[in-house]
Amino acid sequence: MLKRQVRQADGVCFRPQGRGGSLRTSSQHRFLALGLVLVLLALAVAGCGGGSVTVPNVKRLSVDEAKKVLAENNLQAKVTSELLDDQVPKGHVVNQNPRPGEEVGQETLVQLAVSAGSSGVTVPSVLGKDIEQAKTELAALGLQVRVTKTTSVEPSGTVINQAPGAGSTVTPDSRVDLTVSANFDKTSTRTPAATPSPAKSTGYVVAIDPGHQRRGNAEPEPIGPGSSQTKAKVASGTSGAATRKPEYELTLEISMKLRSYLTGKGVKVVMTRMTHDVDVSNSERAQIANRANADLFVRIHADSSTNPSIEGIRTFYPPNSGWTTPIYAKSSLAATIVQQKVAASSHQKNLGTNIHESQTGFNWSKVPVILVETGFMSNPAEDRFLSNPSSQQAIAKGIGEGVMEYLSRTK
Ligand SMILES: [Zn+2]
């Protein structure tokens with residue numbers, strides 16, 4: 001409730017005062033009469049005849065409430081502008097002029113700026129969707145769409161990247177840039193992947209996630225389905241102590257070699273990214289694997305330590321609890337097989353397997369998932385080793401052999 005704030009300003013405006021009983025001469029009376037005229041003239045010039053008013057605060061009130069409060073305070077009100085505002089509901093006062101607390105004459109006009117509603121539209125995720133469906137969803141929110149086509153292993157017409165990413169708040173009419181998979185066959189909008197498949201298809205699907213991306217995204221996302229706990233969507237990763245190579249480059253180099261190995265074995269490979277300039281959060285990466293109904297989701301990363309002498313390769317898998325309980329057994333088996341094969345192939349120090357708790361990219365996965373930390377970029381020697389194409393080939397081959405053995409054992 002707003003207090004009624006009308007008051008007569010003491011000492012400014014004329015107030016009749018009783019003067020009865022005082023004895024004055026006629027010259028004194030003439031002087032008083034002249035003085036009274038002068039005072040009245042001054043008051044007329046100052047417009048102070050009705051007293052002054054302290055402007056009440058009507059911010060955040062609805063226009064009707066604001067007008068009512070201002071009228072009670074003997075002030076005029078007029079809506080003079082509308083503006084987009086996230087905080088103030090549509091039709092409520094965002095700003096006022098004169099400001100609250102100012103002293104003004106009665107019947108002064110108070111100009112009101114009123115909220116036209118939220119300026120923000122939350123961008124949904126359209127990754128993995130058909131471009132026509134994505135366009136429809138975004139248009140329904142008043143968003144513009146610009147499409148860029150690129151070749152990829154995803155079916156033609158599939159959205160493989162979007163900017164801004166899901167969950168971003170943008171103004172209405174903003175443009176969302178979509179990168180859409182375009183296969184060489186331009187006659188059909190949804191054809192099988194154009195990836196050369198030299199080997200007879202095995203029917204297996206493996207999703208590969210080259211860790212990180214050029215620019216991290218610090219926006220929060222739930223660490224698992226329905227969780228109120230959040231983590232940054234995706235980081236840009238570590239970098240090489242000797243080579244200065246960013247982790248996101250190394251992970252894509254190794255991932256592309258792993259992809260070649262697996263497609264050569266007749267496995268369908270789904271990549272979470274094929275370039276560095278993407279914005280795909282860790283939960284979205286897991287959901288790409290889910291949508292592909294992958295037999296295994298393989299995440300490729302590189303390690304970092306404050307101790308530059310630490311080296312070796314290791315494989316993580318999710319815990320036997322919470323979201324990942326259903327995928328624990330198979331993930332654990334895949335980690336064991338892959339770790340043994342990759343260490344044997346690359347001749348790196350074998351650091352074994354480990355459970356990794358509370359990883360967004362694990363928690364959102366509904367398919368068995370492992371994360372291979374391919375070596376320590378903080379160790380100058382291992383960093384140089386990791387950037388060597390023949391080392392990368394040995395690592396990719398080792399992971400690939402492990403994946404194939406896992407697939408055959410869980411058939
Ligand atoms: Zn990493």
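Counting starts at 1 for both ligands and their atoms, in listed order. Predicted model only: the values in this text are computed from it and were never measured.
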His301: which N/O/S atom is nearest the Zn ion (ligand 1)? ND1
Per residue Glu247, nearest N, O or S atom to the Zn ion (ligand 1) is named OE2
Look at Glu373 and state whether any of its N, O or S atoms is less than 2.8 Å from the Zn ion (ligand 1). no
Distance only, no hydrogens: is a donor on one side chain within 3.5 Å (strictly under) of an acceptor on the other, for Ser345 and Lys397? no
Does NZ in Lys231 sit with more than 12 non-hydrogen atoms of other residues, nucleotides or ligands closer than 6.0 Å? yes
Under 3.5 Å, side chain of His212 to main-chain N/O of Tyr248, donor-acceptor pair present? no
Ring geometry between Tyr328 and Tyr317 (parallel below 30°, tilted from 30 to 60°, perpendicular above 60°): tilted
